Amino acid sequence: MRLTAPPARRTGRQDTEGMAVASFVLGLVGLLVLNLVLGPIAIALAVIALRRDTARRFRALLGLGLGIADLVVLAALMSAHGTASWSVWGG
């Protein structure tokens, strides 16, 4: 008895599209919160999607750029405040 559909070539293509979109969303959210966690995840998903030749190449490139921007923002905040955490209220 088989519980899942048999593997298909099309499934891999849809997975990469999802990875590209997830990379973009995580990179965008990572600019506001959890830069240290979401930035590297966005970068990894974008690289995997690009290596698997996603149809959403531009979205994966945006996710890659935003993931890198997450880490740059984190580095800037760490150098400005001397800590890995920051507060919206400046306290």
Side-chain angles (χ1 to χ4, degrees):
M1 182 168 82
R2 181 174 217 139
L3 297 177
T4 60
R9 187 161 181 83
R10 217 180 72 193
T11 304
R13 183 77 164 186
Q14 290 175 349
D15 288 346
T16 61
E17 290 178 12
M19 286 183 203
V21 172
S23 171
F24 173 71
V25 170
L26 290 176
L28 197 58
V29 172
L31 287 174
L32 302 174
V33 293
L34 298 173
N35 333 47
L36 185 61
V37 176
L38 298 180
I41 294 172
I43 292 169
L45 286 174
V47 168
I48 292 169
L50 288 169
R51 284 192 180 198
R52 292 186 182 177
D53 196 32
T54 182
R56 297 182 184 244
R57 184 171 173 76
F58 184 70
R59 183 94 21 109
L61 289 172
L62 282 175
L64 180 63
L66 287 170
I68 293 169
D70 291 347
L71 298 178
V72 169
V73 166
L74 178 66
L77 290 172
M78 286 176 63
S79 67
H81 295 287
T83 181
S85 65
W86 58 281
S87 173
V88 175
W89 297 279

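As the structure is a prediction and not an experimental result, all values here were calculated from the model. The figures that follow rest on heavy atoms only: side chains count, while hydrogens, waters and symmetry mates do not.
Scored by the side chain to side chain contact (heavy atoms under 4.5 Å, CB included) test, L66 finds F24, L28, L31 as partners (sequence neighbours excluded). Partners of L26 according to the side chain to side chain contact (heavy atoms under 4.5 Å, CB included) rule, which considers only residues two or more places apart in sequence or in another chain, are L38, I41, A42, L45.
In this structure, A46 and A60 approach most closely via the heavy-atom pair CB-O, 3.3 Å.
The hydrophobic clustering, which links ILVMFWY residues whose side-chain heavy atoms are closer than 4.5 Å, places L74 and V72 apart. Linking ILVMFWY side-chain heavy atoms closer than 4.5 Å, directly or via other members, places I48 and V37 in a single hydrophobic cluster. Note: the hydrophobic cluster containing F58 also contains V21 (ILVMFWY, side chain heavy atoms under 4.5 Å, direct or indirect links).
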Walk me through it: do L71 and N35 pass the test side chain to side chain contact (heavy atoms under 4.5 Å, CB included)?
CA-CA 6 Å; L71 298 178; N35 333 47; 5.7 Å; no

Show the numbers, then the answer: is there a side chain to side chain contact (heavy atoms under 4.5 Å, CB included) between D53 and T16? CA-CA 8 Å; D53 196 32; T16 61; over 6 Å; no

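Annotation: the span from M19 atom CE to R52 atom CZ amounts to 4.0 Å, rounded to 0.5 Å. Remark: R56 CZ to L50 CG distance equals 13.5 Å, nearest 0.5 Å. Separating the CG atom in L77 from the CG atom in L36 is a distance of 12.0 Å, to the nearest 0.5 Å.
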